[in-house]
Amino acid sequence: MDAARRRAEQPLDTRLQSLMAGRVVLVTLFLGSSIVLDPLGGESLGSPEKRSLLWLIIGTYALTIVYGLVYRSLVGRPQPEAVIARRVERFAALQIGLDLALAAVTVELTGGTESVFLFLGTLVVLSAAVVLGRRAALYFLVPATALIVLTVTREATGWLRVGGPVGDIRLFGAYLGGITHVSAMFLVALLAGYLSDQLRATGQELRFASADLEDLRALNARIVDSISSGILGYDLEGRVITLNPTGARLLGVRPEAVLRRPVAELLPGVTAGQASHRWEEEVLVEDTRHILGLSRSPLLDGRGKPAGSIVIFQDLTQLRELERTVRLSERLAAVGELAAGLAHEIRNPLAGISGSVQMLQVNSADPLQARLMGIVQREIERLDGLIASFLQFARPRPPVFAPIQLGELVAELVEVLSRREDMAKVRFEVEIPPDLALEADPDLLRQVVLNLALNAGQASPAGGMVVLSARAGNGQVVLEVRDEGVGMTPAQQERIFDPFFTTREGGTGLGLAQVHRMVEDHHGALFVESTPGAGSTFTVRLPRRQVEAA
């Protein structure tokens with residue numbers, strides 16, 4: 001409101017500047033024309049009257065220059081606004097007083113009560129009303145009236161007048177003209193002063209209202225810019241009319257670059273119509289898939305008629321990932337509790353069967369029976385290993401954290417994998433900074449990297465490449481394992497971390513489930529992005545400092 005009040009004082013400055021400019025125009029127009037048109041009957045500029053008028057014009061110009069310099073000194077110094085306003089008001093009153101004196105001199109030089117410039121007194125009162133208000137106009141009405149009365153008195157008595165008193169006929173005209181001009185000045189002072197006060201009050205209220213409107217508009221803009229949801233508006237033709245900064249960031253565009261563009265280019269899921277609607281949509285922002293939750297509502301104009309639609313949207317990617325992780329954790333917990341007990345019950349009979357088969361194998365003389373019992377023994381061992389892996393998944397040991405150089409660990413695992421026969425068909429490439437370190441369980445982290453690299457190599461075709469890269473940022477280490485394999489469908493991606501779910505023939509379906517559990521035990525997160533026929537990328541995010549993560 002203080003800013004609004006300061007803006008409300010500005011019109012006094014404007015009126016004062018208009019007064020100085022108008023004075024120059026009037027003096028040039030009226031006094032200059034009196035010299036050119038020669039109302040005094042002089043034949044040259046050598047006459048005293050014309051020289052006086054000429055000096056009056058020059059003096060007015062000089063005064064205007066002085067006024068301008070004084071005005072700049074008044075408003076140019078660093079002072080409180082109230083002090084400047086009072087000084088400007090007094091300066092305006094001084095100018096109007098000098099204008100009244102100049103008007104009196106002009107009237108005297110151009111014929112007294114018969115002067116064509118007798119109306120200048122009325123203009124002075126009018127300027128006082130416009131610049132300073134009704135009260136100032138009434139104040140200046142008194143000396144203006146006194147000057148007219150003095151002029152009429154001098155002509156009637158001949159006081160300080162070269163030609164002496166005027167005749168009766170002219171005196172009657174002087175009385176009549178004086179009364180007329182005094183009445184005119186009185187009416188101008190009342191009417192112009194009243195209108196000026198009303199206009200100033202109305203203008204001040206309008207300026208206050210405009211200032212409040214600007215403040216509200218600025219507040220509304222700040223709210224729209226600060227809101228954490230994207231806001232997009234489009235007209236009845238489906239062209240974008242507004243987009244807040246959050247929405248531009250979520251869509252990966254600049255607000256000014258999308259104005260008047262079809263909304264379907266930004267959000268293909270936006271359909272025709274203005275009816276309220278809720279839906280979710282996937283968008284690609286900087287080669288990253290995001291899930292947006294959108295809500296559309298009709299946009300109405302000031303008369304309540306449809307003007308378009310407004311769409312409010314949020315990024316639900318992390319929420320959907322969290323929901324998927326929670327569902328997976330619930331499934332894993334339920335399966336783990338059930339299977340852990342079942343696995344113990346199965347291992348006891350397996351131990352008895354294995355011992356019995358070994359005794360029969362030792363005492364059997366038939367080679368066929370010995371070979372068959374060997375097959376049974378190997379299958380029992382494989383089943384026992386599968387149960388051991390599942391028990392490790394269902395009831396893993398807590399991680400023991402220690403500082404690890406990730407580049408060295410991955411390089412060692414890649415060297416081991418490169419010597420395996422089933423991995424000879426692919427090439428491994430490591431893109432990890434040598435100084436990248438974090439706190440993790442060395443054994444569990446090896447299993448995580450080994451499982452992901454094995455899956456990537458098994459999914460890749462002959463001659464394919466598996467890239468293991470890592471980077472640090474925001475207190476995290478991001479490890480990516482990227483292959484050039486067959487990829488996965490969205491349905492497969494939803495279940496890829498479920499126990500016993502596998503896309504490879506002969507797989508147990510426990511490798512990725514164990515990896516997911518180990519990453520969670522490290523307070524991290526595991527994600528997968530895959531396109532059928534274009535390979536898959538598994539992303540592991542781990543805190544660099546486990547104390548901060550805990």
Side-chain angles (χ1 to χ4, degrees), residues 8-34 53 56-72 74-75 84-110 113 115-151 177-178 180-204 207:
E9 297 298 332
Q10 291 177 357
L12 177 58
D13 301 342
T14 304
R15 293 194 298 271
L16 182 57
Q17 295 172 12
S18 301
L19 174 64
M20 291 188 289
R23 180 185 302 111
V24 174
V25 173
L26 288 176
V27 167
T28 304
L29 179 63
F30 292 118
L31 297 184
S33 63
S34 68
L53 289 178
L56 192 60
I57 294 174
I58 296 173
T60 302
Y61 290 161
L63 275 177
T64 302
I65 296 175
V66 173
Y67 290 158
L69 295 176
V70 174
Y71 173 75
R72 289 185 59 181
L74 286 178
V75 299
I84 294 177
R86 286 197 300 269
R87 291 188 175 182
V88 169
E89 186 174 359
R90 293 171 184 172
F91 183 53
L94 175 62
Q95 289 190 45
I96 295 173
L98 292 177
D99 288 344
L100 185 58
L102 290 175
V105 174
T106 303
V107 169
E108 182 63 27
L109 290 176
T110 54
T113 56
S115 172
V116 295
F117 298 111
L118 196 60
F119 69 93
L120 290 179
T122 306
L123 286 182
V124 171
V125 175
L126 178 62
S127 63
V130 172
V131 176
L132 300 176
R134 179 171 53 181
R135 180 176 297 180
L138 293 176
Y139 287 158
F140 281 99
L141 175 63
V142 176
T145 303
L147 288 175
I148 291 180
V149 172
L150 178 61
T151 301
T180 302
H181 282 86
V182 169
S183 301
M185 287 191 297
F186 181 75
L187 293 176
V188 166
L190 290 180
L191 182 59
Y194 173 77
L195 294 178
S196 178
D197 289 348
Q198 292 297 316
L199 181 61
R200 272 207 307 277
T202 304
Q204 189 173 8
R207 284 187 292 274

Over all heavy atoms of both residues, which pair between [X] and [Y] is shortest? Give the atoms and the distance, please.
X: A129; Y: G193; answer: CB-N, 3.6 Å
X: A128; Y: F140; answer: CB-CD1, 3.8 Å
X: Q17; Y: Y71; answer: NE2-OH, 3.1 Å

**Complete:** Sequence neighbours excluded, the answer for side chain to side chain donor-acceptor pair (under 3.5 Å) partners of S196 is R200
**Message:** Please enumerate all residues that pass side chain to side chain donor-acceptor pair (under 3.5 Å) together with E89, with sequence neighbours excluded.
**Reply:** none
**Request:** Kindly indicate, with the supporting measurements, whether the criterion side chain to side chain contact (heavy atoms under 4.5 Å, CB included) is fulfilled by L118 and T151.
**Result:** CA-CA 10 Å; L118 196 60; T151 301; 5.8 Å; no
When rounded to the nearest 0.5 angstrom, what distance separates [atom1] in [X] from [atom2] in [Y]?
X: I96; Y: S127; atom1: CD1; atom2: OG; result: 4.5 Å
X: T60; Y: I65; atom1: OG1; atom2: CD1; result: 11.0 Å
X: L132; Y: Y139; atom1: CG; atom2: OH; result: 11.5 Å
X: L141; Y: L187; atom1: CG; atom2: CG; result: 10.0 Å
X: M185; Y: L123; atom1: CE; atom2: CG; result: 11.0 Å
X: L191; Y: L126; atom1: CG; atom2: CG; result: 9.5 Å

**Message:** For residues 84-103, which residue pairs pass the ring-ring contact (aromatic ring centres under 6.0 Å, His included) check, not counting sequence neighbours?
**Reply:** Y67-F91
**L138 side chain near L190 side chain, heavy-atom distance below 4.5 Å** = yes
**Asked** ring pair (Phe, Tyr, Trp, His ring centres under 6.0 Å) with Y61: which residues, sequence neighbours excluded?
**Response** none
**Contacts of type side chain to side chain contact (heavy atoms under 4.5 Å, CB included), residue A103, not counting sequence neighbours** = L120, V124
**Asked** Can you list the steps and then say if L63 with L102 is a side chain to side chain contact (heavy atoms under 4.5 Å, CB included)?
**Response** CA-CA 11 Å; L63 275 177; L102 290 175; 4.2 Å; yes
**Request:** Sequence neighbours left out, what pairs pass salt bridge (charged side-chain N to carboxylate O under 4.0 Å, His left out) with at least one residue falling in residues 122-142?
**Result:** R134-D197
